[in-house]
Amino acid sequence: MNTVLLPGRSLLSWKDYSRDEIRALLDLSKEVKAQKARGERPQRFQGRTLAMIFEKRSTRTRCAFETAFGEEGGHPVFLSTQDIQLGAKESVEDTARVLGRMFDAIEFRGYKQSTVEILAEYSGVPVYNGLTDEFHPTQAIADIMTLEESFGDCSGKNLCFVGDGRNNVARSLMVICSKLGVHFTVVTPRTLFPDDGLRKLCAPFAAGTGARIVVTDDLDAVRSADAVYTDVWVSMGEESLRAERIKELGPYRVDAALMARTGRPDSIFLHCLPAVKGEEVTADVIDGERSRAWDQAENRKHTVKAIMLATIA
Ligand code: CP
Ligand code: NVA
């Protein structure tokens, strides 16, 4: 099976991908997961190297990339900003040029979206956005895969994000849902509405697929949701805003009563993790039978493996 569907492509945000390309990556992710379940261990990254740059902490993203690449014979190299010159003594452009001479691909997690864009422009190898302040695309594809494991083809399904509506996870979901025809509702206080620029960006994608994109502060909007999704109230890098966020988002905690407001006994709960139990979600919901958060975490690995297989020529 030729898995190199998108040779040389970077993944900086889903906005640059077509519906068919994302669908192909989802199908490959499912195949990769099935291969693993059958006990197959192909060595498709043998002789390959992956640079993994982290300005921010990570459990899932680091472990997903590192184990997915390593178990298929590749050599992943973890580079925290304590270890490399990036940002301290060397420009992003120069770091990109050097890494591009030594590695087959680069993963980056950090603050600015512009950093991951410059890495892609100057390295000449595929670059994957492992989370920036603006987007978290490798999370969003794992979320859609998890939604499909419960409900089949995601097109026409209702995904409802409740929480900080302008964070990287909500923003990435808006883009991928618009591209795939998933109805996406953001329920968030007015002060945390996603910016108009993003909504304008997504409008033509949604028009093309029939996705309904709604932003509201009304919790009744969870009615008939297939999935209710939340994320931490305080994202990495925004710790100084903690007190303000807790005040704004208090009414938006996902608890059993909010899940009941979907009116759907089969609706599922999603969370990208890490979770602050008792803050954005109660323990009974995230640890309860409607939660698919642990499947989502596992699917991070299958989806990033598929993305790397598709793009590393
Ligand atoms: N969901 C996610 O990206 O988790 P980490 O921050 O642990 O990588
Ligand atoms: N919005 C969260 C996502 C963590 C995976 C953050 O940026 O910290």
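- Residues L131 and M236 meet the side-chain proximity criterion, which asks for heavy atoms closer than 4.5 Å.
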Problem set entry | Check against salt bridge (charged side-chain N to carboxylate O under 4.0 Å, His left out), E149 and R292 | CA-CA 10 Å; E149 286 175 342; R292 297 291 178 276; over 6 Å; no
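- Minimum interatomic distance between A68 and M308 (heavy atoms only, all atoms of both residues): CB-CE, 4.1 Å.
- By the salt bridge (Lys or Arg N to Asp or Glu O under 4.0 Å) test, R166 is found to be paired with D164, E238, residues two or more places apart in sequence or in another chain being considered.
- Ionic pairing of E248 and R245 is present here: one or more N-O contacts between side-chain nitrogen and carboxylate oxygen are shorter than 4.0 angstrom.
- For the residue pair E55 and G110, the shortest heavy atom distance occurs at OE1-CA, 3.2 Å.
- Between V304 and Y128 there is no side-chain heavy-atom pair separated by less than 4.5 Å.
- Because its NZ or CZ atom is not both nearer than 6.0 Å to the ring centre of F69 and within 45° of the ring axis, R48 does not count as a cation-pi partner of that residue.
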For residues 2-10, run the donor-acceptor check on the side chains, cut-off 3.5 Å, and write out each pair with its distance to 0.1 Å, sequence neighbours left out.
unit_1 : atom_1 : unit_2 : atom_2 : d
N2     : OD1    : V4     : N      : 3.1
R9     : NH1    : E21    : OE2    : 3.1
R9     : NH2    : D16    : O      : 3.2
R9     : NH2    : E21    : OE1    : 3.2
S10    : OG     : V127   : N      : 2.8

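- For D153, there are no side-chain hydrogen bond (donor to acceptor under 3.5 Å, both in side chains) partners, not counting sequence neighbours.
- Taking the salt bridge (Lys or Arg N to Asp or Glu O under 4.0 Å) definition, one finds that E40 meets it with R38, sequence neighbours left out.
- Closest of all the heavy-atom pairs between K277 and A283 is CD-CB, 4.2 Å.
- Counting heavy atoms from C-beta outward, C177 and H183 have side chains that stay 4.5 Å or more apart.
- In this structure, D295 does not pair ionically with K33, as no charged nitrogen and carboxylate oxygen lie closer than 4.0 Å.
- Between the side chains of T61 and R109, at least one donor N or O sits under 3.5 Å from an acceptor N or O.
- Other residues, nucleotides and ligands place no more than 12 heavy atoms under 6.0 Å from the CD atom of Q82.
- In this structure, the side chain of S291 does not engage the main chain of D287 through any donor-acceptor pair within 3.5 Å.
- Contact annotation: the side chain of L147 approaches that of F151 to within less than 4.5 Å [non-hydrogen atoms, C-beta and beyond].
- Under the ring pair (Phe, Tyr, Trp, His ring centres under 6.0 Å) criterion, the residue pairs touching residues 213-256 are F161-Y229, with sequence neighbours excluded.
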For this session: Evaluate the criterion side-chain hydrogen bond (donor to acceptor under 3.5 Å, both in side chains) for residue pair R300 and T138; output intermediate values, then yes/no.
Result: CA-CA 7 Å; R300 295 295 311 283; T138 65; 2.9 Å; yes
For residues 86-96, which side-chain donor-acceptor pairs fall under 3.5 Å, sequence neighbours excluded?
unit_1 : atom_1 : unit_2 : atom_2 : d
S91    : OG     : D94    : N      : 3.1
D94    : OD1    : R97    : NH1    : 2.7
T95    : OG1    : S91    : O      : 2.9

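- When side chains are defined from C-beta on, L50 does not count as touching F45, because their heavy atoms never get closer than 4.5 Å.
- Side-chain atoms of T132 and Q113 form a donor-acceptor pair, as typed in the model, at a separation below 3.5 Å.
- The distance from atom CH2 of W14 to atom CD1 of I144, rounded to the nearest 0.5 Å, is 10.0 Å.
- Residues that satisfy the side-chain hydrogen bond (donor to acceptor under 3.5 Å, both in side chains) test with D83, not counting sequence neighbours, are S80.
- The shortest heavy-atom contact between V232 and N167 is O-ND2, 4.1 Å.
- Checked against salt bridge (Lys or Arg N to Asp or Glu O under 4.0 Å), R212 has no partners two or more places apart in sequence or in another chain.
- K112 and D133 are not joined by a salt bridge, as no carboxylate oxygen comes within less than 4.0 angstrom of a charged side-chain nitrogen.
- When side chains are defined from C-beta on, S155 counts as touching R19, because their heavy atoms get closer than 4.5 Å.
- Taking all atoms of both residues into account, the shortest heavy-atom contact from E134 to R171 is O-NE, 2.8 Å.
- No side-chain donor from either of T230 and E280 sits under 3.5 Å from a side-chain acceptor of the other.
- Rounded to the nearest 0.5 angstrom, S267 OG and R223 CZ are separated by 11.0 Å.
- The salt bridge (Lys or Arg N to Asp or Glu O under 4.0 Å) check on D20 picks up nothing, with sequence neighbours excluded.
- Atoms CD1 and OG, on I22 and S29 in that order, are 11.5 Å from each other to the nearest 0.5 Å.
- A ring pair (Phe, Tyr, Trp, His ring centres under 6.0 Å) check over residues 265-313, counting only residues at least two apart or in different chains, returns nothing.
- Among L99, V98, I106, the one residue that satisfies the side-chain contact (heavy atoms from CB on, under 4.5 Å) test with S123 is I106.
- Considering only residues two or more places apart in sequence or on other chains, N168 meets the side-chain hydrogen bond (donor to acceptor under 3.5 Å, both in side chains) condition with none of them.
- Under the 4.5 Å side-chain criterion, counting only non-hydrogen atoms from C-beta, V222 is in contact with C160.
- P189 approaches L249 most closely through the heavy-atom pair CD-CD2, 3.6 Å.
- Looking at residues two or more places apart in sequence or on another chain, you find no side-chain hydrogen bond (donor to acceptor under 3.5 Å, both in side chains) involving T81.
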